[in-house]
Participant: 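Quick one: this structure, given as structure tokens, is what I'll be asking you about.
Values in this document were obtained by computation on a predicted structure and should not be read as measured data.
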Amino acid sequence: MKDEKFNSLFNTINPNLNNINHTKKKNNNNSNINNNINIDNKMYLSNPVVTKVPCSINVLSSVTQSLSKCNFSTNQPNHFLFSKKMPAKVSNSNGQSFQKVPTSNSNWKMGETQKILSGKTLTFEPSVFSSSQLHQFLLGSFPRPACIISTISPEGISNAAPYSFTNLVCSDPPTFSLTVFKNPDGSLKDTQVNIDASNEFAVNLISDWFIESAHASGMQCSPDVSEFEKIGFTPKPSTIIKSPLVAQSPVNYECKVSTRIPFINREGKETAICYMGEIVKIHVNEQVYDADKATFKYENLKALVKLGGPLYAKINTVVDPTQPTSSSQ
């Protein structure tokens, strides 16, 4: 019943989507990247702003309009996103480009109202969604840091798995938040079992040079199998906790659990647990961090942002809204 209600709410947008597709096909030979389609007095970009890149070049990339400040194309920059002259690209040691660009509305003045999407706002009660639909909606609507959580069992078996409900939540004390859901059958994940036994875990940032193995670490493995060995991660010793670090990651945190917060649904069942882990040691590769300037080299960090489903967004463009824009741009 929930699925039927969910689907019926979205059916109202199908006519517009069909009209867009029909018009795009009709005008395919005459359109270019700057043309727009006018349907029912609403403007739509004639070309999509989402680029999906195959994993063979070390990235799964998908970009939504909310990330339009970033250019995720692997070929030419999407100039129409900025209405400005694009600066020259900077290539890192691997020859991949990285750009720092002005904001898309650099002439904005304090008090001026900025863009509001012309589309209809869809409003839902969370109960309209099934549990899995709501889970995927939340993941897809808010991009998050992409990371692997590594732990170790009481028997000494190392575990590594990607997690989506994660984030930094405080700097004093430095704290990282990790939410671990139960398995569909109600059993505990190995990560939770290991954390409950040791009160510690490690956070390993995912960069695009090992996205394939990072994503594969989400596979189901029995507790007596180490993902480090099965997937091919290189273990790196921690200095305070026992959990190993993923050497492929350019940034690692060693964390000790300070708080546990169980989540109980309306049926009275515990569905997940949130761990607040105080960061007790930080590891960062000098190729991505300049200690003298206390700044990150984002062109080398090549960080990924986790989107919905299996999708990640590659960050190869940054925007600094505090940077003044020259008249030549």
Participant: Any heavy-atom pair between the side chains of S150 and S158 that's under 4.5 Å?
Facilitator: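 No; the side chains remain at least 4.5 Å from each other.
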Participant: Spell out, as yes or no, whether a donor-acceptor pair under 3.5 Å connects the side chain of E112 to the backbone of K109.
Facilitator: yes
Participant: Please determine, by modelled atom types, if D320 and T322 share a side-chain donor-acceptor pair under 3.5 angstrom.
Facilitator: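 There is such a pair between these side chains.
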Participant: Which residues end up grouped with L245 if you chain together Ile, Leu, Val, Met, Phe, Trp and Tyr wherever their side-chain heavy atoms are less than 4.5 Å apart?
Facilitator: none
Participant: Tell me whether I282 is reachable from L205 by hopping between hydrophobic residues (I, L, V, M, F, W, Y) whose side-chain heavy atoms are closer than 4.5 Å.
Facilitator: yes
Participant: Give the cluster check for V180 versus I241: same hydrophobic cluster or not, with ILVMFWY residues linked at side-chain heavy-atom distances below 4.5 Å.
Facilitator: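 Different clusters: V180 never reaches I241 through Ile, Leu, Val, Met, Phe, Trp or Tyr contacts under 4.5 Å.
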Participant: Apply salt bridge (Lys or Arg N to Asp or Glu O under 4.0 Å) to K256 and list each qualifying residue two or more places apart in sequence or on a separate chain.
Facilitator: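 For K256 the salt bridge (Lys or Arg N to Asp or Glu O under 4.0 Å) partners, ignoring immediate neighbours, are E200.
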Participant: Return the minimal non-hydrogen interatomic distance between R144 and S164, and the atom names on each side.
Facilitator: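 Of all heavy-atom pairs spanning R144 and S164, the closest is NE-O, 2.9 Å.
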Participant: Tell me yes or no: between the side chains of Q99 and N316, is some donor less than 3.5 Å from an acceptor?
Facilitator: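 No, no side-chain donor-acceptor pair sits under 3.5 Å.
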Participant: Under the side-chain contact (heavy atoms from CB on, under 4.5 Å) test, which residues partner A214, sequence neighbours left out?
Facilitator: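 Testing A214 for side-chain contact (heavy atoms from CB on, under 4.5 Å), a comparison that skips the adjacent residues, returns I148, I206, F210.
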Participant: Please identify each residue that fulfils side-chain contact (heavy atoms from CB on, under 4.5 Å) with P154, with sequence neighbours left out.
Facilitator: N194, A197
Participant: Consider only side-chain N and O atoms of Q248 and T234, and report whether a donor and an acceptor are under 3.5 Å apart.
Facilitator: yes
Participant: How long is the span from the OG atom in S258 to the CZ atom in F176, to the nearest 0.5 Å?
Facilitator: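 S258 atom OG to F176 atom CZ measures 13.0 Å (nearest 0.5 Å).
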Participant: Quick one: name the residues clustered hydrophobically with W108, using the 4.5 Å side-chain heavy-atom rule over I, L, V, M, F, W, Y, and just say none if it's on its own.
Facilitator: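 Answer for W108: M110.
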Participant: Report whether V318 and L301 are members of the same hydrophobic cluster (ILVMFWY, side-chain heavy atoms less than 4.5 Å apart, transitive linking).
Facilitator: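 Yes, V318 connects to L301 through the hydrophobic network.
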Participant: With a cutoff of under 4.5 Å between side-chain heavy atoms, which Ile, Leu, Val, Met, Phe, Trp and Tyr residues group with V193?
Facilitator: L188
Participant: Grab the two heavy atoms, one from N105 and one from Q114, that are nearest each other, plus how far apart they are.
Facilitator: CB-NE2, 3.6 Å
Participant: Between the side chains of T191 and T151, is a donor N or O closer than 3.5 angstrom to an acceptor N or O?
Facilitator: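 Short answer, no.
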Participant: Test: salt bridge (Lys or Arg N to Asp or Glu O under 4.0 Å). Region: residues 228-239. Which pairs qualify, not counting sequence neighbours?
Facilitator: none
Participant: Please enumerate all residues that pass salt bridge (Lys or Arg N to Asp or Glu O under 4.0 Å) together with D196, with sequence neighbours excluded.
Facilitator: R260
Participant: Tracing side-chain links under 4.5 Å among I, L, V, M, F, W and Y, which residues wind up in one group with F165?
Facilitator: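 Noted: F165 shares its cluster with L139, F181.
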Participant: Same cluster for Y312 and W209 if Ile/Leu/Val/Met/Phe/Trp/Tyr side chains link at under 4.5 Å?
Facilitator: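 Same cluster.
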Participant: Search all heavy atoms of C255 against all heavy atoms of V203 and return the closest pair with its distance.
Facilitator: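 Answer, listing the atom of C255 first, then V203: SG-CG2, 4.0 Å.
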Participant: More than 12 heavy atoms of other residues, nucleotides or ligands under 6.0 Å from NZ of K281: is that the case?
Facilitator: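 Check fails, neighbour count at 12 or below.
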Participant: To the nearest 0.5 Å, tell me how far F142 CZ sits from N167 CG.
Facilitator: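 That separation rounds to 11.5 Å.
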Participant: If the plane angle is over 60° it's perpendicular, under 30° parallel, otherwise tilted; pick one for Y275 and F201.
Facilitator: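 Y275 and F201: tilted rings.
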Participant: Taking only residues two or more places apart in sequence, or in another chain, which ones meet K182 in a salt bridge (Lys or Arg N to Asp or Glu O under 4.0 Å)?
Facilitator: E270
Participant: If you look only at pairs with a residue in residues 122-132, which of them pass as a salt bridge (Lys or Arg N to Asp or Glu O under 4.0 Å), with sequence neighbours excluded?
Facilitator: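 Matches after skipping sequence neighbours: none remain.
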Participant: Only counting residues at least two apart or in another chain, list the ones meeting side-chain contact (heavy atoms from CB on, under 4.5 Å) with V284.
Facilitator: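 Partners of V284 by the side-chain contact (heavy atoms from CB on, under 4.5 Å) criterion, ordered by chain and then number, come out as V251, V288, Y289, F296.
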Participant: Out of curiosity, T259 OG1 to E278 CD, how far, rounded to the nearest 0.5 Å?
Facilitator: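 Separation between the atoms: 9.5 Å.
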